[in-house]
Asker: 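One structure, as structure tokens, below. Some questions next.
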Amino acid sequence: NLTGSTTQFTLTRVAALSYSVSASPTTINEGSSTTWTVTTTGVTADTTVGYTITGLSTNDISSGSLTGTLTINSSGTASTSITTVEDATTEGTETATLTLAATDSANNSTGGASASVTINDTSTAGTGGGGTGIGGGSSESYGLLVKNTSGTTTIIDNTSRLSSFL
């Protein structure tokens, strides 16, 4: 029971905080670039959040960083890019995943938001040497060294030359 005065309150609804991560493009060939974009709702500008990219090593990229900190801008977004190396190693398709740290600089949960990119291997396995060839269109040579119990060593190379040594 109120008497004598009136108290007025203003309630402001605060948007729920959220983080999401997207990648573009989501499939690339070795030697190409991709960008991850963090999109937020209700996160204050200049808030920072850490990230880690897994599935690659530093030898797999020519620019960008596998770990770092992103700063959310006034539009509620931040982004980072990497460029992959077009190497001559046949390693198959790789998947690079950017995952946000569990919390941002204001101690808000990010939910561990993440997004992945598929990286197609553009190297070509060599035809000799048991499928682990040099690849990349370069020439290769290989050999087989055989030693028998009599002490004779035989070398067979890919040009079909046969030599015996004592």
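No experiment lies behind these values; they were computed from the predicted model shown. Every heavy atom of this structure was used, including side-chain atoms; hydrogens, water molecules and symmetry mates were not.
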Asker: Same cluster for Ile61 and Val117 if Ile/Leu/Val/Met/Phe/Trp/Tyr side chains link at under 4.5 Å?
Answerer: yes

Asker: Listed by chain and number, what are the side chain to side chain donor-acceptor pair (under 3.5 Å) partners of Thr97, not counting sequence neighbours?
Answerer: Ser116

Asker: Which distance, rounded to the nearest 0.5 Å, do you find between the CG of Asp87 and the CG of Asn59?
Answerer: 9.0 Å

Asker: In chain order, what residues pass the side chain to side chain donor-acceptor pair (under 3.5 Å) check against Ser63, with sequence neighbours excluded?
Answerer: Thr83

Asker: Which residue, Thr77, Leu100, Thr71, forms the side-chain contact (heavy atoms from CB on, under 4.5 Å) with Val38?
Answerer: Leu100

Asker: Determine the minimum heavy-atom distance between Leu56 and Ala96, stating which atoms define it.
Answerer: CD1-CB, 3.6 Å

Asker: For Thr103, what residues pass the side-chain contact (heavy atoms from CB on, under 4.5 Å) criterion, not counting sequence neighbours?
Answerer: Asn107

Asker: Does Glu86 have any side-chain contact (heavy atoms from CB on, under 4.5 Å) partners at least two apart in sequence or in another chain, and if so, which?
Answerer: Glu30, Thr122

Asker: Which pair of heavy atoms, one from Val49 and one from Thr110, lies closest together, and at what distance?
Answerer: CG2-CG2, 3.7 Å

Asker: Working to the nearest 0.5 angstrom, can you tell me the gap between Ile119 CD1 and Ile82 CD1?
Answerer: 5.5 Å

Asker: Atom CD1 of Ile28 and atom OG1 of Thr84: how far apart are they, to the nearest 0.5 Å?
Answerer: 4.0 Å

Asker: With sequence neighbours excluded, what pairs up with Thr35 under the side-chain contact (heavy atoms from CB on, under 4.5 Å) test?
Answerer: Thr37, Ser79, Ser81

Asker: Using every non-hydrogen atom in the two residues, find where Leu66 and Thr58 come nearest and quote the distance to one decimal.
Answerer: CD1-N, 3.6 Å

Asker: For Ser65, give me all partners under side chain to side chain donor-acceptor pair (under 3.5 Å), at least two apart in sequence or on another chain.
Answerer: none

Asker: Please list, chain by chain and in numerical order, all residues satisfying side-chain contact (heavy atoms from CB on, under 4.5 Å) with Ala78, sequence neighbours excluded.
Answerer: Leu70, Ile72

Asker: Using only atom types and a distance under 3.5 Å, with no angle test, would you say the side chain of Asn120 pairs donor to acceptor with the backbone of Asn29?
Answerer: no

Asker: Among all residues two or more places apart in sequence or in another chain, which pass the side chain to side chain donor-acceptor pair (under 3.5 Å) test with Thr118?
Answerer: none

Asker: Atom CG of Asp121 and atom OG1 of Thr89: how far apart are they, to the nearest 0.5 Å?
Answerer: 8.5 Å

Asker: Give every donor-acceptor pair under 3.5 Å between a side-chain atom in residues 16-27 and any protein atom, sequence neighbours left out.
Answerer:
unit_1	atom_1	unit_2	atom_2	d
Ser18	OG	Thr41	OG1	3.3
Tyr19	OH	Asp104	OD2	2.6
Ser20	OG	Thr39	O	3.4

Asker: How long is the gap from OG1 on Thr99 to OH on Tyr51, to the nearest 0.5 Å?
Answerer: 12.0 Å

